[in-house]
Amino acid sequence: MPKTNIQEIERKWQKYWEDKKIYKFDTKTKKKIYSLDTPPPTISGKLHMGHAFGDAQQDFIARFKRMNGFEVLNPFGTDNNGLPTLRLVEKEKNVDSKSMSREEFIELCLKTIEEEYIPEFLADSKRLGISADWDIFYSTIDERSRRVSQQSFIDLYKLGREYRIDAPALWCPTCRTTIAQVELVDKDIHSQFSDIVFKVDNKDLIISTTRPELLPAIVAIFYHPDDKRFKPLKGKKAKTPLFDIEVPILPDPKADPEKGTGVVMCCTFGDQTDMEWQREHKLPIKMAIAPDGTMTGLAGKYKGLKIKEAREQVIQDLKKAGALKSQKKITHPVNVCERCSTEIEFIEKKQWCIKYLDLKEKLLKWGREIKWHPDHMRNRYENWVKGLKWDWCISRQIAFGIPFPVWYCKSCDETILADEKQLPIDPIEDKPPIKKCPKCNSTEFIPEKDVMNTWATSSLTPTITKDLLKDTPAYKKITNQPMSIRRNGQDIITFWDFNTIVKSQLHENRNPWNELYINGWILGKDGHKMSKSRGNGVSPQDVIEDYGADALRYLSASVKAGDALPFPEKELIAGKKFVTKIINAANFVFMNIKPKKTQPTLHETDRLFLTQLNNLTKSATDAFESYELSKAKMLVDAFFWHTFADNYLELVKYRVYNGTATEKASASYTLYQALLAITKMMAPITPFITEEIYQTHFKKQEKETSIHTSSWPTPLKLKTSKKDQEAWNTLLEIIAKARQTKSEAKVSMKAEIYLTLPEETQTLLKPLLEDLKAVTSAEEIKEGALKVDLV
RNA sequence: GGCCCUAUAGUCUAGUGGUAAAACGACUCGUUUACACCGAGUAGUCCGCAGUUCGAUUCUGCGUGGGGCCACCA
């Protein structure tokens with residue numbers, strides 16, 4: 001088929017589906033509802049291959065369930081309330097969010113995304129054949145999401161699950177925001193160990209550090225409790241150079257005797273271990289670094305210098321003071337901000353946290369109540385839960401996002417919640433619901449300026465989806481129960497899936513979904529993750545242009561749940577070939593048959609073949625049911641290609657052209673049923689070409705508006721016998737033998753032969769011998785050991 | 001440092017306690033009443049070691065390679 005035809009056919013059915021509202025969710029449905037919690041992509045550009053690949057796999061499930069009698073709730077959302085959107089709009093519109101009012105900036109973000117990004121993204125998704133109901137649409141920053149998200153905050157506050165504390169927070173000096181553990185990446189940094197001389201009872205104690213600028217913030221010195229070298233120092237105090245601060249010397253097992261000189265200095269905000277020590281040993285809190293990445297007054301004369309400048313200066317001064325013994329260059333990995341690669345710092349800040357560390361055991365239990373596909377992906381969730389050390393900090397200090405619905409009393413700091421009926425609100429713009437503080441009667445309130453972390457909202461997608469259907473009859477059916485399934489990539493199990501489970505359990509005491517499908521993962525041709533910097537990306541738009549959307553979907557169906565696959569161009573070729581082949585096969589079938597729905601007396605070849613078809617129907621349906629999508633595709637594809645096209649069509653041709661009325665009727669029925677079943681079973685994967693075939697050939701008899709709302713095939717009623725499989729296999733073996741003989745003799749497949757078959761084979765295949773003679777061009781069948789002779 | 005997944009033709013993947021298969025590629029032929037974006041055929045393969053077993057590519061352990069998660073990183 002020429003390229004333009006594929007494009008035309010696909011566009012034609014895409015329009016048809018939209019016009020006929022084939023994927024419209026019927027809110028008045030009487031059917032069982034199958035609901036999908038769809039991952040809202042952060043839209044900052046075109047649909048990329050990762051989106052296409054995952055969305056396609058989800059669509060296979062949606063379409064399969066739709067054909068199996070479910071009313072499928074397949075919404076579509078976008079996630080654009082976070083830092084990436086903020087960055088995008090700042091860059092695109094050349095503005096600085098800090099110099100605008102929050103309201104202005106949110107407006108600009110919404111407008112930019114909605115006008116310039118979402119339309120193209122949606123068009124690409126539709127072009128891919130995603131069968132979502134586009135009217136059930138949400139954005140994680142729209143009014144509904146803001147309301148649901150603020151309501152969640154208020155509910156959790158009332159449940160005592162939220163608290164606000166002065167806490168050390170991971171801080172990025174460049175982004176000027178606190179960041180989450182998951183936003184950190186490791187980076188190898190060239191640095192140096194400076195051996196600094198401390199004084200204990202006027203004797204030298206050498207301590208190695210990579211961060212001499214933190215000398216003013218030292219609160220203790222640690223050694224390993226088993227380290228004999230330092231045991232005598234226990235309980236003594238060390239004096240720091242330059243600053244002359246006296247700090248205690250303490251034993252702690254986290255100090256590594258092998259590293260540096262075996263003793264380590266602890267500053268409140270040096271790194272995570274420092275903070276743990278601060279807590280465990282109840283050390284004072286000292287802040288040497290301000291939120292903007294400069295030194296605080298604590299650093300004395302170094303105040304106002306940037307971290308690196310201060311480090312240089314301190315080293316110079318240590319040298320002058322004779323307190324720097326030596327320096328050694330090292331490369332060591334440090335945590336940096338994943339967005340700007342700045343080394344992170346720790347600061348003290350009032351933050352809202354959701355308390356969940358007490359729920360670890362329950363979280364593990366809840367995780368086990370969800371069916372994971374594949375099962376082993378639950379390990380990632382469990383490892384994450386077991387490793388949790390902090391409660392969930394949901395405060396973010398950026399200009400864009402969903403505001404906390406709270407104010408604080410200016411005089412007593414009492415938290416004032418917004419009136420639930422007025423959500424969503426912005427405390428900066430709106431007034432608190434009360435005039436006086438209930439605690440101290442003060443009348444002045446300070447709005448919370450922070451916004452919520454994006455995961456605090458996107459962890460509510462099941463709630464948001466259900467809220468979209470409020471006031472419809474379907475609402476009752478979907479509320480108060482988990483959604484059917486969520487599908488997403490393995491990369492966000494630990495935050496999106498995890499946080500959603502947390503919220504659902506805290507709010508509703510139930511899991512958000514019954515099942516989780518971790519989609520297969522597409523890599524670049526080089527086996528690495530697709531990325532701009534590697535230049536190994538493939539654009540789905542180009543692929544659709546060259547091969548068609550069906551071919552891209554066919555490719556997406558060749559990876560197992562949870563697996564990763566280097567981009568296989570050959571699967572696109574195979575997909576395109578499949579499309580051509582099945583349309584040709586359909587043309588052949590309907591050129592030669594008279595469709596008949598009732599089963600006539602079946603010719604033995606047809607009965608045996610239909611038995612094979614029934615086996616396929618069972619195994620492919622099982623595979624779809626258990627979400628083994630790649631297996632399902634492989635089974636149907638292999639059957640279509642080998643059993644149906646290569647063998648059955650060849651076997652039946654002679655009879656179709658030359659048979660008696662009875663023989664033709666049997667062939668007609670068989671061809672019709674087999675092609676219909678195959679077409680339907682491929683419909684979830686290649687929806688366009690199967691719709692083309694359905695509409696062109698089957699619709700007259702089948703009557704459904706679309707193949708995608710037709711019913712899934714079930715096995716046909718057939719007489720069977722124990723020898724069916726043996727007879728079918730033997731038949732194919734003989735055909736293969738004849739083909740082999742001809743090929744080796746380098747003659748045409750139509751060359752005539754003498755076929756010699758053992759008596760028992762002839763008995764087994766008796767009703768098939770005429771078809772066998774025709775397909776092998778055998779002039780006659782002789783008796784004896786299996787042999788093929790050219791005439 | 002802890003953990004998870006994984007290893008099959010040139011490539012990418014199925015599969016099995018009795019030495020294996022499809023697709024793409026290669027090679028050899030054929031073709032005109034579905035299909036040259038075709039048909040048929042040929043060659044080619046189970047990471048290493050040890051254990052369990054009559055028998056291991058398959059099960060177990062270890063090693064090695066690849067992918068990933070977590071923790072640490074003065």
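Chain A is the first sequence line, chain B the second, and so forth, proteins listed ahead of strands; every chain is numbered from 1.
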Original post:
Could Arg486(A) and Trp496(A) be counted as a cation-pi pair, given that NZ or CZ must be under 6.0 Å from the ring centre and within 45° of the axis?
Top reply: yes
**OP:** Pick base, sugar-phosphate or nothing for Pro374(A), based on heavy-atom distances below 4.0 Å to the nucleic acid.
**Re:** nothing
Original post:
Distance between the C1' atoms of G2(B) and C59(B), in whole angstroms?
Top reply: 26 Å
Original post:
What's the closest nucleotide to the Lys746(A) side chain, out of C29(B), C35(B), G68(B)?
Top reply: C29(B)
**OP:** Could you tell me whether Asp646(A) contacts a base, only the sugar-phosphate backbone, or nothing, with contacts defined as non-hydrogen atoms closer than 4.0 Å?
**Re:** sugar-phosphate
**OP:** Select base, sugar-phosphate, or nothing to describe what Lys581(A) touches, counting heavy atoms under 4.0 Å on all strands.
**Re:** base
Original post:
Touch check for Ala645(A), heavy atoms < 4.0 angstrom, all strands: base, sugar-phosphate only, or nothing?
Top reply: base
Original post:
Can you check the Lys742(A) NZ to A40(B) C1' distance for me, whole Å?
Top reply: 10 Å
**OP:** Under the ring pair (Phe, Tyr, Trp, His ring centres under 6.0 Å) rule, collect the residues that match up with Phe639(A), sequence neighbours excluded.
**Re:** Phe609(A)
**OP:** Between C5(B) and U19(B), how far apart are the P atoms? Round to whole Å, please.
**Re:** 29 Å
Subject >> Which nucleotide in A74(B), C70(B), U11(B) has an atom nearest any side-chain atom of Lys570(A) >> reply: U11(B)
Original post:
Which is true for Lys653(A) with a 4.0 Å heavy-atom rule: it touches a base, it touches only sugar-phosphate, or it touches nothing?
Top reply: base
